[in-house]
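So the structure is just underneath, and the comments pick up after that.
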Amino acid sequence: MPKYVIERDIPGAGNMNGEDLQIVSQTSCRALEQIGPQIQWVQSFVTANKVYCIYIAANEDLIREHADKSGIPASSIQEIKTIIDPTTAELHASAN
């Protein structure tokens, strides 16, 4: 299934305490349960005013449905085409 990066504009996200983050996480998980197994939350990165989430989903419409059901906005949804990391450089270096 495709993997997506979702950008969520949430002013003050970086100031949320543990309880706030737990509530948001529970809200997200409830919406995921309602939608079904064709969407999975992998992890999220919280910055000052945004949250960047990684999801696996059958399609972008499921990501939008999750945003609607959870009330957590999805400002941008981008399908991940490939993943690179430092080992990518090593693989290319050995090919030259």
CD on Glu65 to CD1 on Ile39, rounded to 0.5 Å:
8.0 Å
Pro73 backbone acceptor or donor facing Arg8 side chain under 3.5 Å:
yes
Common cluster, Trp41/Val24, ILVMFWY with side-chain heavy-atom separation under 4.5 Å
no
Write down the atom of Ser75, the atom of Asp9, and the distance for their closest heavy-atom approach.
OG-OD2, 2.8 Å
Whether Glu7 and Lys50 form a salt bridge (side-chain N of Lys/Arg under 4.0 Å from carboxylate O of Asp/Glu) is what I want to check.
yes
Can you see which heavy atom on Leu62 is nearest to which on Gln38, and at what distance?
CD1-O, 3.5 Å
Out of curiosity, does Ile77 fall in the hydrophobic cluster containing Ile35 (side-chain heavy atoms, cut-off under 4.5 Å, transitive links)?
yes
Rounding to 0.5 Å, atoms CD1 (Ile56) and CE (Met1) come to a distance of 6.5 Å
To the nearest 0.5 Å, tell me how far Asn59 CG sits from Glu79 CD.
10.0 Å
Would you say that Tyr52 contacts Ile6 through its side chain, given a criterion of any heavy-atom pair below 4.5 Å between the two side chains?
no
A side-chain contact here means heavy atoms from C-beta on lying under 4.5 Å apart; do Leu32 and Gln40 qualify?
no
Would you say Asn49's side chain and Gly12's backbone share a donor-acceptor pair under 3.5 angstrom?
yes
Can you tell me how far the SG atom of Cys53 sits from the CD1 atom of Ile72, to the nearest 0.5 Å?
7.5 Å
For the residue pair Ser28 and Tyr55, confirm or rule out a side-chain donor-acceptor distance under 3.5 Å.
yes
Inter-residue atom distance Gln43.CD - Ile54.CD1, 0.5 Å rounding
6.5 Å
Start with the C-alpha gap between Met16 and Val46, add the side-chain angles, then the distance that decides, and say whether side chain to side chain contact (heavy atoms under 4.5 Å, CB included) holds.
CA-CA 9 Å; Met16 289 183 178; Val46 180; 6.0 Å; no
Do you reckon Ile84 sits in the same ILVMFWY cluster as Ile80, going by side-chain contacts under 4.5 Å, direct or chained?
no
Between Val42 and Ile83, is there a shared hydrophobic cluster once you connect ILVMFWY residues whose side-chain heavy atoms come closer than 4.5 Å?
yes
Closest heavy-atom pair, Ile63 versus Ala57, reported as atoms and distance to 0.1 Å, is CD1-CB, 3.8 Å
So CD of Gln78 and CD of Glu60: to nearest 0.5 Å the spacing works out to 7.5 Å
